Amino acid sequence: MSRSVPQMLEDWEPVIGLEVHVQLATRTKAFSPSAVHFGEPPNSLTDPLVLGMPGTLPVFNKLALELALKLGVATSSKIRARSRFARKQYFYPDLPKGYQISQYDEPLCEHGHLDVLVGTTVKRVRLTRIHLEEDAGKNTHVGAVSHVDLNRAGVPLVEVVSEPELSSAEEAAEFMRSLHRLVRWLEISEADMEKGQLRCDANVSVRLRGEDRLGQRTELKNINSFRFVQNAVEHEIARQLRIVDDGGRIERETRLWDADAGQSAPMRSKEEANDYRYFPDPDLPPLVVDGSTMGTILHALPELPLPRFERYQTAGIARDDARTLISDRAMADYFDAACLAHPAGHAGHGGRTIANWMLTELLGALNTDGKDIRESPMAAETLSALVVLVEDGTISGKIGKEIFAESYKTGEAPLAIIDRRDVRQISDEPALWEIIDNVVKASPKQAEAYAAGKDGLFGFFVGAVMKATNSRANPVMTTDLLKKRLGR
Ligand code: ADP
Ligand code: MG
């Protein structure tokens with residue numbers, strides 16, 4: 001009977017390194033003019049180069065380079081001024097050329113890092129390299145027949161390779177999330193995982209705590225969702241722990257994650273491992289990154305998600321709210337625009353109140369409509385104006401929600417709706433006193449009972465005042481004046 005996973009984890013430390021493939025958002029393929037598109041009829045997006053016809057020559061897509069450079073710069077990588085394409089050779093039906101164009105010993109980027117948000121802390125994970133390559137085609141197997149679709153072949157990718165320094169399935173999943181957010185933020189990839197635009201291989205090993213040397217690893221292939229990374233790595237850690245804790249040894253192998261079965265199965269062992277016989281591609285000149293290209297990339301680099309996360313927290317935004325705000329660049333931009341329109345800007349109260357309204361009312365409404373923040377019918381400036389009207393007491397928070405709903409629906413300016421509906425808050429003390437006096441006079445029995453100690457009746461009077469004023473009574477003043485009037 002082996003020990004439980006938590007027990008084994010007291011002695012053993014998991015080590016994970018990820019290799020993530022990200023599809024670059026170009027309109028055409030990496031080395032040839034075919035269009036890049038998802039869901040087209042099989043083999044409709046090919047050309048002589050993709051088909052591996054003799055005599056064809058690759059021409060590298062400059063946009064792919066620029067997109068890869070953005071990621072390199074955003075991860076503080078060292079950019080190689082002259083990198084090289086290499087041929088990675090293997091025989092498979094999805095690769096008509098017989099080799100994949102990739103980068104080997106002279107990759108575009110090295111020694112960068114990715115800041116990963118894990119729970120409440122930021123973990124800096126070093127990146128070994130980021131290199132350019134082309135995708136292969138796709139094989140599908142239907143019964144005894146196999147089909148090859150080359151629409152994906154030749155699509156430009158970057159492969160992001162992490163150092164082996166993630167230490168749990170959760171960290172591995174968060175690494176994927178952070179990278180997903182970053183590439184979308186930089187607009188270098190849509191990173192739609194359902195379309196295979198972001199996918200990873202996870203390398204997993206375990207070692208005794210305190211040990212410097214890495215344990216023998218296995219590699220899990222075919223992971224294309226955050227949940228699968230988490231599940232596959234968790235499952236693999238447990239599998240290895242059971243072996244090593246029983247005194248066994250891990251075999252170096254590649255395993256295929258089967259999401260439906262919730263388990264992995266061996267795909268090939270070390271003995272069957274491919275020898276790719278990499279060599280520099282003689283058809284492609286060195287990839288040169290000149291100063292002016294770098295200058296353009298650096299100049300256009302937006303403020304990154306994690307610095308923004310820190311900035312929001314410094315401005316007093318709660319951690320969870322800040323995390324939601326940076327989940328998407330459009331969301332963060334919306335928030336910044338709303339803050340900019342607010343007289344208090346980001347500092348203190350303004351930002352916090354805007355975040356509250358944005359994350360509850362606006363996201364709630366968008367969610368109901370199945371809309372993205374980019375499709376918000378309410379402009380950031382309008383939300384900001386509404387927040388100001390609540391903050392300065394023109395309307396109550398409760399009325400504010402109604403005004404929000406109407407403005408969201410019709411596009412009418414909050415102030416116009418307020419005036420038309422005549423819902424300005426009553427904050428004039430003598431006027432409010434008169435209303436309260438009438439309300440109390442109208443319910444003498446309740447007033448007596450309250451005076452005699454029946455505290456629960458206070459709410460009855462608040463309700464009556466709100467009813468009498470169509471909810472326009474200033475709630476704070478109402479409480480004060482009611483207490484005064486009721487004598488307790
Ligand atoms: P390849 O998979 O092509 O052999 P590498 O040996 O460079 O390439 O490793 C690829 C990935 O495996 C990297 O993300 C690296 O961090 C990770 N890795 C290497 N050794 C281990 C190990 N012992 N445990 C966990 N991850 C590892
Ligand atoms: Mg590998």
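Order of appearance sets the numbers: ligands from 1, and atoms from 1 within every ligand. Please read all numbers here as calculations on a predicted model, not as lab measurements.
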Purely on distance, is any nitrogen or oxygen of R217 under 3.5 Å from one on ligand 1?
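Yes - when backbone and side-chain N and O of R217 are compared with those of ligand 1, one distance drops under 3.5 Å.
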Tell me whether P164 has any N or O atom under 3.5 angstrom from an N or O of ligand 1.
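Yes, since at least one N or O of P164 sits under 3.5 Å from an N or O of ligand 1.
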Output the list of atoms in ligand 1 that are nearer than 4.0 Å to some heavy atom of [X], sorted by atom number.
X	result
V161	13 (C), 14 (O)
E219	2 (O)
L18	14 (O)
G215	23 (N)
S162	13 (C), 14 (O), 15 (C), 16 (O)
E163	16 (O)

Applying the salt bridge (charged side-chain N to carboxylate O under 4.0 Å, His left out) test to E174, which of R323, R181, K123 qualifies?
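The option that passes is R323.
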Closest approach of E133 to S102 (non-hydrogen atoms, all atoms of both residues):
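Smallest heavy-atom distance, with atoms named: OE1-OG, 2.9 Å.
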Looking only at heavy atoms, which two atoms of L150 and P96 are closest? And how far apart?
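Heavy atoms of L150 and P96 come nearest at CD1-CG, 3.6 Å.
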Flag this pair as yes if the NZ/CZ of K401 is under 6.0 angstrom from the six-membered ring centre of F404 and inside a 45 degree cone about the axis; otherwise no.
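Not flagged: K401 not positioned over aromatic ring of F404.
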Hey, what's the ring geometry for F226 with H180, parallel, tilted or perpendicular (30° and 60° as the breaks)?
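Perpendicular: the ring planes of F226 and H180 meet at over 60°.
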Please confirm whether Y104 and Y276 have ring centers closer than 6.0 angstrom.
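They do not qualify: ring centres at least 6.0 Å apart.
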